[in-house]
Amino acid sequence: MNSPVEGFSKLSKTDKINWIAHNCTDDPEATIQLLERYWNSDSEVQKLHDEFIENTLSNYYLPFAIAPNFLIDGELFAIPMAIEESSVVAAASKSAKFWLEKGGFKTEILGTEKVGQVHFIYKGDAEKLKSFFDILKPELLSSVSSITKNMEKRGGGINNIELRDFSDKIDGYYQLHCTFETLDAMGANFINSCLEQFAATLKEQANMFEAFSEEEKNMEVVMSILSNYVPNCLVKAEVSCPIAELGNDDMPAEEFAKKFVQAVNIANVEPYRAVTHNKGIMNGIDAVILATGNDFRAVEAGVHAYAAKEGQYSSLTHACVEDGIFKFWIEVPLALGTVGGLTTLHPMVKLGLEILQHPSAQQLMKIVAVAGLAQNFAAVRSLVTTGIQKGHMKMHLLNMLNQMGASEDEKKQLVEHFKHNTVTNASVQEALKNIQTQ
Ligand code: MEV
């Protein structure tokens, strides 16, 4: 157990590294060497990363990869993905190729509305609050005109402000529920700045509202913050083809379509399966979100809330067969940005966006939804045919060999060997031993 430290953030980077190495690790010298080995050799790049967060000691790498051949609304994309899980990019690429030959992915933006709320407590006459709100609303809008000016010039801004009454749930609890259009920005700073001004204006105007008693004037703002639940910032992506085109080496087309739809339906009605089903979707979504510098925690939180919007956690994708046509689609809320934040700062993020041809936020929503759908298609296809372990363990083979300390030559031989043999921890260990003792 290490002891508390005062003023850690004010120490130099070297002192921070020394402190952590000597207080929390078994081999301080090895820790220092490791942290330094992961520094970027370009000091400018390292400085940039150091300044993203507080107390940076080093960098934490994730592989940055490309899944090519995604045909989306008639346009071809190579999708950048940042992820550590071995089979994800391979699965995405396989799905992309499969659907490329069948017309590709079709997408549609169903909404782009973002949400923010001022939560406050008012213990007075509800009717008086409603009349106050009618007077307050134009004041709220004009109080943020300097913040919204530029956004409005580009066609965005505040869509609406509603007074919502939750006093039946918590005594005196009301909200200003606000909706925004933030165009290509994710909009967190814009929304939060507007909300904090709304809160100040609310207090100020309440003080001046003559019909309020002293207690009513003294309403209490609890907090002002955007919501990551964005059910009206929604995108749909879809694939479809005649059933006959679904045939593969592992299963006849009719049987495959039937089992696939059954698997998706199971995820629709059964939360244990739905969570794993959606986790597979998020493998694709998060990888693109990370590669494009967006906030995966925000997306995760919003997506899972959306998956539970009917009162039970359920699948984000749906599938059916109608008149001999197999259809598979996803509807997913995604509040994304392609300007501001990391998008202009992180060199790899900039590259990711360049590879995607500098998409607007709406285009990025479509690409991300497609990555989720493609990932889910690959996972469910494996699950209802060969099972996932075969492909997964093949992809994991290099990790296992690295862990076992195999040389480059041994890895080459064993990758060849396991093209025709089943990968398990024991079989890899044995095959490596065989080569080493030959
Ligand atoms: C593994 O990361 C994801 C899967 O479990 C998803 C699924 O079961 O649909 C394969």
Side-chain angles (χ1 to χ4, degrees), residues 1-66 80-90 283 286-297 341-352 355 392-415 418 423 425-426 428-433 435-437:
M1 180 76 178
N2 59 296
S3 45
V5 55
E6 280 290 319
F8 186 75
S9 68
K10 297 197 181 67
L11 297 181
S12 70
K13 188 163 158 184
T14 310
D15 288 345
K16 283 176 192 162
I17 289 177
N18 276 328
W19 185 88
I20 203 80
H22 288 99
N23 283 282
C24 306
T25 71
D26 298 334
D27 183 344
E29 275 320 304
T31 300
I32 293 166
Q33 267 179 24
L34 179 67
L35 289 171
E36 291 183 357
R37 189 142 57 88
Y38 276 78
W39 285 350
N40 197 289
S41 54
D42 180 335
S43 61
E44 286 283 303
V45 174
Q46 188 52 55
K47 187 163 179 295
L48 190 70
H49 283 73
D50 285 352
E51 290 174 2
F52 284 151
I53 59 169
E54 192 162 275
N55 297 341
T56 308
L57 306 181
S58 189
N59 305 306
Y60 182 97
Y61 294 162
L62 278 181
F64 177 90
I66 285 294
M81 300 180 114
I83 189 157
E84 86 301 344
E85 191 173 325
S86 25
S87 51
V88 169
V89 177
N283 278 343
D286 282 341
V288 189
I289 296 288
L290 267 175
T292 57
N294 276 277
D295 180 342
F296 64 90
R297 290 83 58 206
L342 269 199
T343 59
T344 37
L345 275 180
H346 197 302
M348 296 303 288
V349 166
K350 280 207 261 184
L351 177 65
I355 290 168
H392 187 77
M393 292 308 273
K394 278 236 151 84
M395 293 305 303
H396 194 50
L397 176 62
L398 278 181
N399 287 344
M400 290 160 102
L401 290 170
N402 282 337
Q403 230 166 38
M404 292 170 194
S407 69
E408 284 310 306
D409 187 51
E410 287 162 355
K411 281 195 252 178
K412 221 157 121 191
Q413 288 185 54
L414 288 172
V415 166
F418 280 106
V423 178
N425 210 34
V428 174
Q429 236 162 14
E430 195 184 321
L432 179 61
K433 208 163 118 205
I435 292 186
Q436 288 173 336
T437 51

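- Across all their heavy atoms, S58 and T56 have their closest contact at O-CG2, 3.5 Å.
- A heavy-atom distance below 4.5 Å is found between the side chains of V89 and I83.
- Listed for the D295 side chain is a donor-acceptor partner under 3.5 Å among the backbone atoms of R297.
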Derivation and outcome, side chain to side chain contact (heavy atoms under 4.5 Å, CB included), residues I355 and L351: CA-CA 6 Å; I355 290 168; L351 177 65; 3.9 Å; yes

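- In this structure, the separation between OG1 on T31 and CG on D26 is 8.0 Å, given to the nearest 0.5 Å.
- For the atom pair L34 CG and D27 CG, the distance stands at 10.5 Å (nearest 0.5 Å).
- Scanning all heavy atoms of the two residues, the minimum distance from V428 to L401 falls at CG1-CD2, 3.6 Å.
- Here the closest heavy-atom approach between residue N59 and residue Y38 is recorded as ND2-O, 2.8 Å.
- When all heavy atoms of A291 and A82 are compared, the closest pair comes out as CB-N, 3.8 Å.
- Side chains of Q46 and D50: a donor-acceptor N/O pair is present below 3.5 angstrom, by distance only.
- Annotation for F8: atom CZ counts as buried by contact number, over 12 foreign heavy atoms lying within 6.0 Å.
- For K411, the salt bridge (charged side-chain N to carboxylate O under 4.0 Å, His left out) partners two or more places apart in sequence, or in a different chain, are E408.
- Rounded to the nearest 0.5 Å, atoms CG (N294) and CG (D286) are 11.0 Å apart.
- Closest heavy-atom contact between I66 and P80: CD1-CA, 3.6 Å.
- To the nearest 0.5 Å, the span separating CG on L290 from CZ on F296 amounts to 5.5 Å.
- The side chain to side chain contact (heavy atoms under 4.5 Å, CB included) with M400 is formed by just one residue from the set V423, L432, L414; it is V423.
- With 3.5 Å as the limit, one finds a donor-acceptor pair spanning the side chains of Q413 and D409.
- Heavy atoms only, all atoms of each residue included: L57 and I20 are closest at CD1-CG2, 3.8 Å.
- At least one side-chain heavy atom of M404 sits less than 4.5 Å from a side-chain heavy atom of N425.
- Relative orientation of the F52 and H346 rings is parallel, given thresholds of 30° and 60° on the angle between their planes.
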Please assess E85 against N283 for the test side chain to side chain contact (heavy atoms under 4.5 Å, CB included), listing each intermediate value before the final yes or no. CA-CA 8 Å; E85 191 173 325; N283 278 343; 3.6 Å; yes

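- Between L398 atom CG and F418 atom CZ the span is 11.5 Å, to the nearest 0.5 Å.
- Annotation for D42: atom CG counts as buried by contact number, over 12 foreign heavy atoms lying within 6.0 Å.
- Shown here is Q403, whose CD atom has no more than 12 heavy atoms of other residues, nucleotides or ligands within 6.0 Å.
- Checked by atom type and distance alone, the side chain of W19 never pairs as donor or acceptor with a backbone atom of T14 at under 3.5 Å.
- The line from CG of L35 to NZ of K16 is 13.0 Å long, rounded to the nearest 0.5 Å.
- Inter-residue side-chain proximity for V88 and M81 is flagged as met; some heavy-atom pair is nearer than 4.5 Å.
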